[in-house]
Amino acid sequence: DTEVTQTPKHLVMGMTNKKSLKCEQHMGHRAMYWYKQKAKKPPELMFVYSYEKLSINESVPSRFSPECPNSSLLNLHLHALQPEDSALYLCASSPWTSGASNEQFFGPGTRLTVL
Amino acid sequence: ELKVEQNPLFLSMQEGKNYTIYCNYSTTSDRLYWYRQDPGKSLESLFVLLSNGAVKQEGRLMASLDTKARLSTLHITAAVHDLSATYFCAVPGGSTLGRLYFGRGTQLTVWP
């Protein structure tokens, strides 16, 4: 299995809702990432987990809460979002080993709309 | 902080023509990645360049890396409409393992 999967593909939520985004990979990668991408902009890094531990948090608002239950799964819990949080949310994974290319492989993304 | 500059940001070219996209970065890195993104879709890995002088080719696209000049190029040969997409270069960030610094992207449109 050489892909990263994300669910759901699309999500519409109100500002008072709680929802979660899910990401899964079975490539044995030990690093997983969340990115946010607005239209016509490059992806912005939000969080990095390496060996199931949070290693980078890019000062993301607390209404976004990441979770890494195991080395294959990554969740992003959403609560009390704002309309400006509407974006494409991308998950990625990489090997995280010295000597490897550490290329990041991206999932198909979740298109989030906050009303 | 590492800075990555791509140019041009917008490229409109006729089918059959050749063109080069440039990616400059501000601090030392021995590797660079190129990604393609179609509208509304995710990022697809195109090339992984792992050393100075690396050159990789796939179809009508060829990428190269000059780590001394801190420059990568993505050359398009005999463009076709299917190449229309946004192309990003990305450089691993310095001492922070896992961080990728992206260029702003080049939006390529190929017209008949």
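Only a predicted model underlies this, so the values are computations on that prediction, with no experimental measurement involved. Residue numbers start from 1 in every chain, and the chains themselves are labelled A, B, ... in the order their sequence lines are given, proteins ahead of strands.
Of the inter-residue distances, the one linking Glu58(A) atom CD with Arg99(B) atom CZ reads 4.0 Å to the nearest 0.5 angstrom. Atom NZ of Lys41(A) and atom CZ of Phe88(B) lie 10.5 Å apart (nearest 0.5 Å).
The shortest non-hydrogen separation linking Tyr35(B) to Gln104(A) is OH-O, 2.8 Å. Nearest heavy-atom pair, Gln37(B) versus Leu88(A), reported as atom, atom and distance to 0.1 Å: NE2-CD2, 4.1 Å. Leu100(B) and Tyr35(A) make their closest contact through CB-OH, 4.0 Å (heavy atoms, listed as atom of the first residue, atom of the second, distance).
Within residues 104-112 of chain B, the residues having any heavy atom less than 4.5 Å from a heavy atom of chain A are, in residue-number order, Arg104(B), Gln107(B). Taking 4.5 Å as the heavy-atom cut-off, none of the residues of residues 53-63 of chain B approach chain A.
Put simply, Val48(A) and Leu90(A) are part of the same group of oily side chains (I, L, V, M, F, W, Y) that touch within less than 4.5 Å, one to the next. Two different hydrophobic clusters hold Val4(A) and Leu112(A) under the rule that ILVMFWY side chains link at heavy-atom gaps under 4.5 Å. Residues Val60(A) and Tyr33(A) are members of separate hydrophobic clusters, defined by side-chain heavy-atom contacts under 4.5 angstrom among Ile, Leu, Val, Met, Phe, Trp and Tyr. Cluster annotation: Tyr22(B) and Val91(B) are assigned to distinct hydrophobic clusters (Ile/Leu/Val/Met/Phe/Trp/Tyr, side-chain heavy-atom contacts under 4.5 Å, transitive). Following chains of ILVMFWY side-chain contacts shorter than 4.5 Å, one can reach Tyr89(A) starting from Leu74(A), so the two form part of one hydrophobic cluster.
Judged by distance alone, with hydrogens and angles left aside, the side-chain atoms of Ser42(B) form no donor-acceptor pair with the main-chain N or O of Gly109(A) at under 3.5 Å.
Contacts between Gln37(A) and chain B at a heavy-atom distance below 4.5 Å involve the side chain alone, from C-beta outward. For chain A, no part of Glu44(B) is nearby; none of its heavy atoms comes within less than 4.5 Å.
The candidate from Pro43(A), Ala31(A), Ser94(A) with the greatest count of non-hydrogen atom pairs under 4.5 Å with chain B is Pro43(A).
More than 12 heavy atoms of other residues, nucleotides or ligands lie within 6.0 Å of NZ in Lys38(A), so this atom counts as buried by the packing criterion.
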